[in-house]
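To keep things clear, I will list the structure first and then write my remarks on it.
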Amino acid sequence: MNFPRHPFQWPFQRTGYLRVFLILTAILILQVEVVPVYRIFNVIPNLVLIAVIIFAANYGGTRGAVIGFLSGLVMDVMTYSVIGLMAGIFSFSGLIVGLITKKFYRHHALTLILCVLGCSLLEGIFVYPWGIGIGFFKHIWFLVLPTVLYNGIVAWPLREIVYKIFKPETLQFAVKNN
Amino acid sequence: MYAFFRRYWGRLLTLVVMAVLLFILWLVPHTQRQILADMTFKKVQVIYRPVGTFISKAQSWLLYQGEYILRQYTLNDQVVDLQKENAILRRQKIESKDRDHELDRLRKLLEMKQRVPIKTEASEVIGLSPSSYYLTLIIDKGSEDGMRKGMVVLGQDGILGRIISVSPRTSKILLITDQRSAVSVTVQRTGARSILEGMGTTRCKLTMETPDAQIKTGDRIYTNGMGGVFPPNLYVGHVSYIKRDKRSGWALSVQVKPAVDCHLVREVLIVTQPQNRESWPDPEPDVEEATE
């Protein structure tokens with residue numbers, strides 16, 4: 001089965017990576033400096049995870065995993081989780097999303113939102129501190145589900161903004177190839 | 001001569017008529033002449049008044065329009081000036097309110113510093129946790145300012161958390177509301193010891209050593225110094241919710257509302273003194289006992 005040419009291949013590859021780097025940096029700064037202020041029901045959205053999913057959907061599984069790993073490492077440093085935990089979760093999310101969206105509508109908003117919901121749930125389950133804390137189901141109910149919902153709500157506008165910056169090469173190229 | 005009269009006879013006639021009229025007028029007595037002048041004036045006024053009024057109104061309208069246009073120009077400038085002034089005043093008002101709030105916070109912090117007789121250092125919160133699952137704060141003092149891992153952090157009204165990592169200029173605080181946090185505490189009224197654990201939200205839960213039926217909502221919770229991390233007798237918060245066993249009345253689940261709102265705190269106190277027992281604060285009197 002012949003898949004369409006990847007939208008980020010040469011000659012757009014290098015500029016694409018630079019943009020990914022710049023956008024991720026901007027989103028990381030937002031996540032650290034601005035987002036914590038907008039705490040609703042004790043939770044905040046994870047823009048970095050959403051960005052990783054957006055890029056993974058565009059770049060495919062392997063590159064998505066790499067982007068996820070690097071972003072996750074930064075998040076590990078910024079929070080106080082075990083080093084590598086967020087990196088692992090984000091990298092796994094990037095890989096899975098990259099592989100799934102290879103066979104589905106990768107540029108469709110609904111696909112992205114479903115991926116965000118799934119990966120947020122996955123993140124919430126993985127970061128649960130086993131043995132301590134409020135109990136798994138309470139953790140899911142009080143923290144994970146609100147975060148998943150918040151991420152789902154934020155995903156669409158963030159996707160629009162990221163795609164606005166990407167659009168000149170990516171979407172047009174993807175449409176041509178598809 | 002004849003040619004002259006012939007040429008200017010009309011004008012000469014006019015002159016003669018006028019001279020005759022003037023002569024007649026001169027013959028009329030002064031008072032009657034005045035009355036005649038008044039009557040004539042009135043007649044003329046009757047005819048002239050509408051015209052005069054119209055001209056006067058037109059003139060004043062034109063003047064008004066001119067002034068209006070001029071005023072528009074100046075008014076526009078005035079409106080712009082007033083808007084600027086208004087914006088400045090609004091900003092000043094907001095700044096003043098902010099300063100008031102800051103003053104209140106600092107006053108409370110100072111009260112806390114005076115209340116707790118251990119050496120503390122003030123610091124400002126510069127960052128919040130970027131994740132829902134890890135409740136941390138970043139403060140603007142680090143190892144260069146004498147901060148060390150494990151130091152206890154206090155808010156305006158009570159205990160806030162402890163330092164978990166230190167960089168040269170900043171430190172990270174693990175809040176007591178985080179799920180990974182545990183503090184040994186005592187219920188002041190009953191003296192019951194328990195462990196205060198974070199719930200990951202704005203509340204903490206109490207894990208009682210023994211099932212307690214006496215505990216009730218509003219009970220004040222203090223640290224008891226066990227474990228050696230937190231000094232004893234520091235206020236933590238009050239019991240906000242109790243779920244009891246229907247038969248025995250024992251508290252199955254107890255929630256505590258911390259004294260400090262971890263997400264709103266802006267300034268903190270860090271306990272910098274080495275924690276030897278002599279320097280630990282004395283227990284505060286129970287509010288209920290004091291009132292009794």
Side-chain angles (χ1 to χ4, degrees), chain A residues 27-49 71-72 74-83 85-86 89-90 120 122-136 138-151 154, chain B residues 125-140 149-150 153 161-167 170-184 195-207 240-241 243 252-258 261-266:
Chain A
I27 287 173
L28 274 165
I29 292 168
L30 267 179
Q31 181 70 36
V32 173
E33 297 294 334
V34 181
V35 173
V37 181
Y38 298 98
R39 193 172 278 273
I40 301 173
F41 296 116
N42 301 310
V43 296
I44 54 172
N46 195 338
L47 301 188
V48 182
L49 180 65
S71 313
V74 179
M75 284 297 281
D76 274 328
V77 175
M78 296 314 297
T79 59
Y80 78 106
S81 70
V82 181
I83 288 287
L85 178 63
M86 288 279 188
I89 294 166
F90 282 23
S120 304
L122 198 74
E123 185 205 8
I125 292 167
F126 272 105
V127 296
Y128 175 67
W130 294 98
I132 51 172
I134 50 173
F136 184 70
K138 278 186 180 174
H139 169 80
I140 295 287
W141 182 252
F142 287 117
L143 289 173
V144 180
L145 286 183
T147 309
V148 168
L149 277 177
Y150 207 168
N151 281 350
V154 173
Chain B
V125 176
I126 55 167
L128 300 166
S129 170
S131 171
S132 299
Y133 308 114
Y134 300 94
L135 299 182
T136 54
L137 292 178
I138 297 169
I139 55 168
D140 65 346
K149 198 175 169 181
V153 183
R162 63 190 164 89
I163 294 177
I164 49 162
S165 73
V166 182
S167 70
T170 59
S171 303
K172 198 177 284 178
I173 300 167
L174 178 69
L175 301 174
I176 54 167
T177 49
D178 188 280
Q179 288 190 71
R180 294 150 194 86
S181 172
V183 185
S184 184
I195 303 293
L196 182 93
E197 289 176 300
M199 292 177 70
T201 60
T202 51
R203 296 282 191 274
C204 299
K205 67 167 186 174
L206 271 185
T207 308
S240 60
Y241 169 78
K243 186 181 175 186
L252 298 174
S253 165
V254 182
Q255 284 185 17
V256 173
K257 186 179 187 296
D261 191 336
C262 302
H263 302 305
L264 297 177
V265 69
R266 300 274 290 275

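Throughout, a chain's letter reflects where its sequence line sits, starting with A, and its residues are numbered from 1.
Contact count versus chain A (heavy atoms, under 4.5 Å) is highest, among I138(B), L135(B), L174(B), for L174(B). If you tally non-hydrogen atom pairs under 4.5 Å between each of G127(B), S131(B), S181(B) and chain A, the highest count goes to S131(B).
No donor-acceptor pair under 3.5 Å is formed between the side chain of K138(A) and the backbone N or O of M199(B). Here the side chain of S132(B) pairs a donor or acceptor atom with the backbone of I44(A) at under 3.5 angstrom.
Under the side chain to side chain donor-acceptor pair (under 3.5 Å) criterion, D178(B) pairs with Y80(A), R180(B), not counting sequence neighbours.
Separating the CE atom in M86(A) from the OH atom in Y134(B) is a distance of 4.5 Å, to the nearest 0.5 Å.
Shown here for V37(A) and L128(B), the closest heavy-atom pair between the two residues is N-CD1, 4.4 Å. In terms of heavy atoms, V144(A) sits closest to Y133(B) at CA-OH, 3.7 Å. L143(A) approaches Q179(B) most closely through the heavy-atom pair CD1-NE2, 3.2 Å. For the pair P36(A) and P130(B), the tightest heavy-atom approach, listed with the atom from each and the gap, is CG-CA, 4.1 Å.
With a 4.5 angstrom heavy-atom cutoff, V48(A) does not touch chain B via any of its atoms. Contacts between V35(A) and chain B at a heavy-atom distance below 4.5 Å are absent for every atom of the residue. Neither the backbone nor the side chain of S165(B) comes within less than 4.5 Å of any heavy atom in chain A.
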